[in-house]
Amino acid sequence: MQKQLEIMLDLQDKMNKKVHPDWVAQNFAWFRAIWIECGELVDHYGYKWWKKQTPDMQQVQLEVVDIWHFGLSMLIDGRDVAVIAKDILQQLESSLPAKGVIEATEDVAESILATRQFNVPLFWVLMQATDM
């Protein structure tokens, strides 16, 4: 899994360089993109108890992928991908309790708004909640 994470981080860095060659120095508001994606995810999942809704799980999972891309971008911040991948794996050693999709999404959004840091274990719970 270390190698897979390194590949994802490297690909994310290359993609971000297409947007802006010196993307790290731009200090983009990745945290904002993450909480906005969380809102979109909840909308696709359905939260309106006053109306019949069916979760669009394919779209929900696409929002989770979007959150991951923004989270990877936050984690890179000019650091070595091998070190970041090792940090991610270390963070995943501690397990958090399973949650439902809405609750897990709210935890990710709350954390990113409070700390402006990507919380990998909370994201992992969200992935599990969405069967990823």
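Count residues from 1 along the sequence.
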Partners meeting salt bridge (charged side-chain N to carboxylate O under 4.0 Å, His left out) with K86 (sequence neighbours left out) = none

Mind checking salt bridge (charged side-chain N to carboxylate O under 4.0 Å, His left out) for D56 and listing every partner two or more places apart, or none if nothing turns up?
-> none

Under a 4.5 Å cut-off applied to non-hydrogen side-chain atoms, are I84 and L5 in contact?
-> no

Looking at M8, M132, Q12, which hits side-chain contact (heavy atoms from CB on, under 4.5 Å) with W68?
-> M8

Residue pairs, two or more places apart or on separate chains, that pass ring pair (Phe, Tyr, Trp, His ring centres under 6.0 Å) and touch residues 72-120 | F118-F123

For D80, enumerate each residue passing the salt bridge (charged side-chain N to carboxylate O under 4.0 Å, His left out) test, keeping only those at least two apart in sequence or located in another chain.
-> none

Cut-off 3.5 Å, no hydrogens considered: what does the side-chain donor-acceptor table look like for residues 28-55, sequence neighbours left out?
| from | atom 1 | to | atom 2 | distance (Å) |
| --- | --- | --- | --- | --- |
| H44 | NE2 | E63 | OE2 | 3.4 |
| Q53 | OE1 | Y47 | N | 3.1 |
| Q53 | OE1 | K48 | N | 2.6 |

R79: side chain to side chain donor-acceptor pair (under 3.5 Å) partners, not counting sequence neighbours = D87

Please list, one pair per line, the donor and acceptor atoms closer than 3.5 Å that link side chains of residues 95-114 to other protein atoms, with sequence neighbours excluded.
| from | atom 1 | to | atom 2 | distance (Å) |
| --- | --- | --- | --- | --- |
| K99 | NZ | D107 | OD2 | 2.6 |
| T105 | OG1 | V101 | O | 2.7 |

State which residues pass side chain to side chain donor-acceptor pair (under 3.5 Å) with Q2; sequence neighbours excluded, sorted by chain then number.
-> E6

Other than I7, which residues form its hydrophobic cluster under the rule that side-chain heavy atoms must be closer than 4.5 Å?
-> L11

Sequence neighbours excluded, the answer for side-chain contact (heavy atoms from CB on, under 4.5 Å) partners of D77 is V24

All ring pair (Phe, Tyr, Trp, His ring centres under 6.0 Å) counterparts of W124, not counting sequence neighbours | none

